[in-house]
J.: 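Below is one structure. I have some questions about it.
Note that these values count all heavy atoms, side chains included, but never hydrogens, waters or copies made by symmetry. Just so it is clear, the model here is predicted, and its values are computed rather than measured. Lettering follows sequence order; numbering is per chain, from 1.
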Amino acid sequence: MSSLFVLIDCNNFYVSCERVFAPVLRRRPVVVLSNNDGCIVARSNEAKALGIAMGMPRFKADPLLKKNNVAVLSSNYALYADMSARVMQTLATFSPAIEIYSIDEAFLEVDSRRQDVSAFGRDIRKTVLQWTGIPVSVGAATTKTMAKVAGHIAKKSPKTDGVLALTCPRHIACALERTDIADVWGIGRKLSAAFKRLGITTAAQLAKTDPQWIQRTFSITVAKTVLELQGCACIELDDTPEPNKSFTVSRSFGRPIEQKDSLVEALSLFTARAAEKLRAQQQCAAVLTAFAMSSRFDKQNAYYNTASRIFDPAEDSSRVFMAAIAAMGERLFRPGVAFKKAGVILNRLTPKHHGRLDLFTDPAQVARDERLMRALDAVNRTGNHVFFAAEGIDKPWQTRFDHRSAAYTTRWDEIPVVF
DNA sequence: TCTGGGGTCCTAGGACCC
DNA sequence: TCTGGGGTCCTAGGACCC
């Protein structure tokens with residue numbers, strides 16, 4: 001069967017989530033901030049029109065935000081994750097072949113002999129809006145990269161009404177012509193600059209290059225992008241994702257910390273969160289890495305350091321990781337450094353095998369740990385957080401969220417009330 | 001004063017081995 | 001000039017994505 005890829009992309013996703021539960025925001029420009037209220041990570045169309053850039057630091061955008069009475073919100077990931085699940089469940093009713101590509105994007109794969117792909121796209125768009133309140137754009141084509149091109153145009157061009165199927169050669173050529181090379185999926189900042197130096201500035205020009213030459217000059221990844229633009233599908237639908245190869249938990253601090261205890265507490269909390277993710281996927285980790293750093297914008301006082309611990313056999317117990325992270329925190333700490341960010345990474349992951357033991361570990365201790373971790377995870381799933389004392393109580397370094405909306409969909413006490 | 005977080009893949013180069 | 005050649009494994013760094 002030859003197939004067609006359909007990309008569904010939520011418009012201004014975080015802003016749209018907020019607007020579902022706060023309709024007054026629909027008539028105002030809106031932005032959503034990153035963790036720590038640091039950067040702008042989502043903008044309504046009105047905010048985009050004001051010239052507010054993606055990733056712009058909040059303090060630099062402040063004059064524009066104030067002048068135009070822009071609604072400013074901290075990010076509310078519990079809300080976005082829940083809304084994302086609703087959108088994905090809706091999309092799954094349209095095709096069993098679905099790849100959830102990110103929090104706000106999914107690919108469907110359908111038979112290319114299907115009648116009227118555009119009508120199919122319009123149906124998806126209408127249904128998702130009805131069932132979830134989230135507006136989406138839909139792009140369809142014979143490769144994923146071309147579906148992204150189509151989706152990009154569908155989002156930007158009012159003529160398309162949010163849906164574009166690129167199936168006829170004339171339309172494909174036209175779409176490639178009007179797509180800047182920097183907007184091609186897989187071509188980022190460095191590559192688009194390199195191509196522009198070579199005089200290649202549009203997707204149409206990139207599609208005319210020789211994939212073998214591209215592979216020699218750049219990489220196999222870029223060569224695949226070219227083939228995909230030429231209509232040759234190289235990137236399959238990934239509807240059965242592999243388990244993670246690493247888990248990271250890192251945060252910028254609400255204010256710099258200079259106390260060793262605070263650094264160790266923060267690292268302990270990150271370790272507990274990372275270990276939860278690990279166990280949720282039934283994996284064990286052989287390497288725990290921690291890092292701590294000063295502000296990356298203060299070049300005069302730059303400090304960055306990492307420490308690693310190997311676990312043999314691989315481990316999944318928070319208790320064991322926590323014991324290790326305390327010593328690693330000690331090593332990372334330097335008196336006089338203003339720490340602005342830290343994190344932990346679990347690496348070299350393997351599936352958990354029950355009952356396989358090392359000669360030197362005490363089976364009774366392992367069994368006790370197992371029971372403790374199961375109980376801990378069960379309790380924390382309900383939202384009541386039980387934690388290790390090492391994670392600290394005061395948390396002077398805690399991430400700031402000064403403009404957070406309520407957890408409308410995930411907490412009973414924050415469900416919106418309609419009068 | 002104030003600048004996010006979490007992933008994956010590819011490649012080059014070093015270490016090591018026969 | 002040139003100092004053997006070639007395979008494999010691992011890691012760090014860089015690129016990309018959202």
Side-chain angles (χ1 to χ4, degrees), chain A residues 7-14 31-42 52-63 65-66 72-77 80-81 84 99-107 144-145 148 151-152 181-195 214-225 234-235 238 241-256 270 273-274 277-278 281 286-287 289 291 293-299 304 306 308 310 338 340-349 399-403:
Chain A
L7 171 74
I8 298 93
D9 191 344
C10 300
N11 298 343
N12 316 329
F13 182 56
Y14 295 175
V31 298
V32 176
L33 304 173
S34 66
N35 267 339
N36 238 351
D37 295 340
C39 291
I40 287 163
V41 292
I52 298 165
M54 177 68 177
M56 198 184 243
R58 190 260 165 93
F59 72 94
K60 281 190 187 166
D62 255 340
L65 298 173
K66 292 217 168 71
V72 176
L73 298 167
S74 299
S75 44
N76 184 342
Y77 291 109
Y80 312 149
S84 174
E99 171 185 346
I100 297 171
Y101 179 65
S102 74
I103 195 165
D104 69 340
E105 271 179 63
F107 288 98
K144 281 173 143 187
T145 305
K148 291 282 272 186
H152 191 252
I181 192 161
D183 293 330
V184 173
W185 192 41
I187 307 296
R189 227 181 50 245
K190 298 274 180 177
L191 282 170
S192 58
F195 277 118
I214 294 286
Q215 180 167 347
R216 283 197 305 275
T217 316
F218 297 95
S219 71
I220 181 78
T221 323
V222 188
K224 281 185 183 172
T225 298
C234 311
I235 308 172
D238 183 12
E242 298 284 303
N244 281 50
K245 294 178 174 171
S246 68
F247 290 104
T248 302
V249 176
S250 74
R251 289 289 179 278
S252 295
F253 301 134
R255 54 187 167 85
F270 303 158
R273 293 293 90 79
K277 295 188 194 181
L278 185 71
Q281 251 184 33
V287 179
T289 301
F291 67 89
M293 58 194 286
S294 54
S295 166
R296 64 195 171 100
F297 300 98
D298 182 2
K299 312 272 191 220
Y304 178 86
T306 66
S308 289
I310 292 173
K340 194 66 178 98
K341 180 176 178 170
V344 302
I345 305 158
L346 291 170
N347 255 317
R348 284 208 226 151
L349 310 187
T399 309
R400 277 202 314 261
F401 294 99
D402 294 339
H403 311 275

J.: Students often get this wrong, so: under 4.0 angstrom with heavy atoms, is A/Ile187 touching a base, only sugar-phosphate, or nothing?
T.: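 Sugar-phosphate, no base atom in range.
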
J.: Taking the ring of A/Phe218 and the ring of A/Phe195, is the distance between their centroids below 6.0 Å?
T.: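 Ring centroids of A/Phe195 and A/Phe218 are less than 6.0 Å from each other.
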
J.: Here's a test of your reading of the structure: between A/Lys224 and A/Asn244, which maps to the more 5' nucleotide of DNA chain B?
T.: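 Nearer the 5' end of the strand: A/Asn244.
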
J.: Kindly give the heavy-atom pair with the smallest separation between A/His403 and A/Val72, and that separation in Å.
T.: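 So the minimum-distance heavy-atom pair works out to CB-O, 3.4 Å.
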
J.: Dot-bracket for DNA chain C, 5' to 3', with Watson-Crick and G-U pairs under 3.5 Å, [ ] for crossing pairs and | for other-strand pairs: what is it?
T.: ....||||||||||||||

J.: Quick one: label A/Ile220 by what it contacts on the DNA or RNA (base, sugar-phosphate, nothing), any heavy atom closer than 4.0 Å.
T.: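 Sugar-phosphate, backbone atoms only, no base.
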
J.: Do the rings of A/Tyr101 and A/Phe107 sit parallel, tilted or perpendicular, given the 30° and 60° boundaries?
T.: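 Ring orientation, 0 to 90° scale: perpendicular.
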
J.: Contact class for A/Val287 (heavy atom, under 4.0 Å): base, sugar-phosphate, or nothing?
T.: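 Answer is nothing: A/Val287 stays at 4.0 Å or more from every strand.
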
J.: Strictly distance-based, threshold 3.5 Å: is any side-chain N or O of A/Lys341 a donor or acceptor partner for the main-chain N or O of A/Phe291?
T.: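 No: the side chain of A/Lys341 does not pair with the backbone of A/Phe291.
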
J.: Do the side chain of A/Ser84 and the main chain of A/Ile103 share a donor and acceptor less than 3.5 angstrom apart?
T.: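 Between the backbone of A/Ile103 and the side chain of A/Ser84 there is a qualifying donor-acceptor contact (under 3.5 Å).
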
J.: Using only atom types and a distance under 3.5 Å, with no angle test, would you say the side chain of A/Lys340 pairs donor to acceptor with the backbone of A/Phe253?
T.: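 Yes.
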
J.: Mind checking the C1' distance from C/dG4 to B/dC17? Whole angstroms is fine.
T.: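 So the two C1' atoms sit 14 Å from each other.
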
J.: What is the distance, rounded to the nearest whole Å, between atom CG of A/Asn347 and atom P of B/dG6?
T.: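 My rounded result for the distance is 14 Å.
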
J.: Check step by step if ring-ring contact (aromatic ring centres under 6.0 Å, His included) holds for A/Tyr77 and A/Phe401.
T.: CA-CA 11 Å; A/Tyr77 291 109; A/Phe401 294 99; 7.5 Å; no

J.: Can you tell me if the side-chain N/O atoms of A/Ser246 get under 4.0 Å from OP1 or OP2 in B/dT8?
T.: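 So the side chain of A/Ser246 is within the cut-off, an N or O lying under 4.0 Å from OP1 or OP2 of B/dT8.
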
J.: A/Ser75 side chain to A/Leu33 main-chain N or O, any donor-acceptor pair under 3.5 Å?
T.: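 Yes; judged by distance alone, with no hydrogens or angles, the pair exists.
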
J.: Roughly, in whole Å, what's the span from CG in A/Asn12 to C1' in C/dC18?
T.: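 After rounding, the reported distance stands at 14 Å.
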
J.: When you compare the protein's N or O atoms with those of nucleotides 2-4 of chain B, which come within less than 3.5 Å of each other, and at what distance?
T.:
residue : atom : partner  : partner atom : Å
B/dT3   : OP1  : A/Lys340 : NZ           : 3.0
B/dG4   : OP2  : A/Arg296 : NH2          : 2.5
B/dG4   : O4'  : A/Ser34  : OG           : 2.8

J.: Find the distance A/Lys190:NZ to B/dC9:C1' and express it as a whole number of Å.
T.: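 Going from NZ in A/Lys190 over to C1' in B/dC9 covers 18 Å.
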
J.: Measure CZ/A/Phe107 against P/C/dC17 and give the value in whole Å, please.
T.: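 After rounding, the reported distance stands at 12 Å.
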
J.: Mind calculating the distance between CG (A/Leu278) and P (B/dG6) to the nearest angstrom?
T.: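 My rounded result for the distance is 15 Å.
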
J.: Checking A/Ser34 side chain against A/Cys39 main chain: does a donor-acceptor pair fall under 3.5 Å?
T.: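 Pair found, side chain donor or acceptor close to backbone of A/Cys39.
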
J.: Could you check A/Asn36, A/Asn35, A/Asp37 and say which one makes a side-chain hydrogen bond (donor to acceptor under 3.5 Å, both in side chains) with A/Ser74?
T.: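 For A/Ser74, the side-chain hydrogen bond (donor to acceptor under 3.5 Å, both in side chains) test succeeds with only one of A/Asn36, A/Asn35, A/Asp37, which is A/Asp37.
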
J.: Describe the nucleic acid contact of A/Arg348 in one word from base, sugar-phosphate, nothing, applying a heavy-atom distance below 4.0 Å.
T.: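 Sugar-phosphate contact only.
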
J.: A/Ala223 and A/Gln215: which non-hydrogen atoms are nearest, and at how many Å?
T.: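 Residues A/Ala223 and A/Gln215, closest heavy atoms: CB-CB, 3.8 Å.
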
J.: Check whether any side-chain N or O of A/Ser219 sits under 4.0 Å from OP1 or OP2 of B/dC10, and answer yes or no.
T.: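 So the side chain of A/Ser219 is outside the cut-off, no N or O lying under 4.0 Å from OP1 or OP2 of B/dC10.
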
J.: Rounded to whole Å, please give me the gap between CD1 in A/Ile235 and P in B/dC9.
T.: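 Answer to the nearest Å: 12 Å.
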
J.: Within this structure, what is the OG1-CD1 distance for the pair A/Thr221 and A/Ile214, rounded to the nearest 0.5 Å?
T.: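 That separation rounds to 12.0 Å.
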
J.: Provide, to the nearest angstrom, the distance between the CG atom belonging to A/Leu33 and the P atom belonging to B/dG5.
T.: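 Those two atoms, CG and P, are 13 Å apart.
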
J.: Separation of A/Phe291 atom CZ from B/dG6 atom C1', in whole Å?
T.: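 One finds 10 Å between C1' of B/dG6 and CZ of A/Phe291, rounded.
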
J.: What pairs of nitrogen or oxygen atoms, one from the protein and one from nucleotides 13-16 of chain B, lie under 3.5 Å apart?
T.:
none

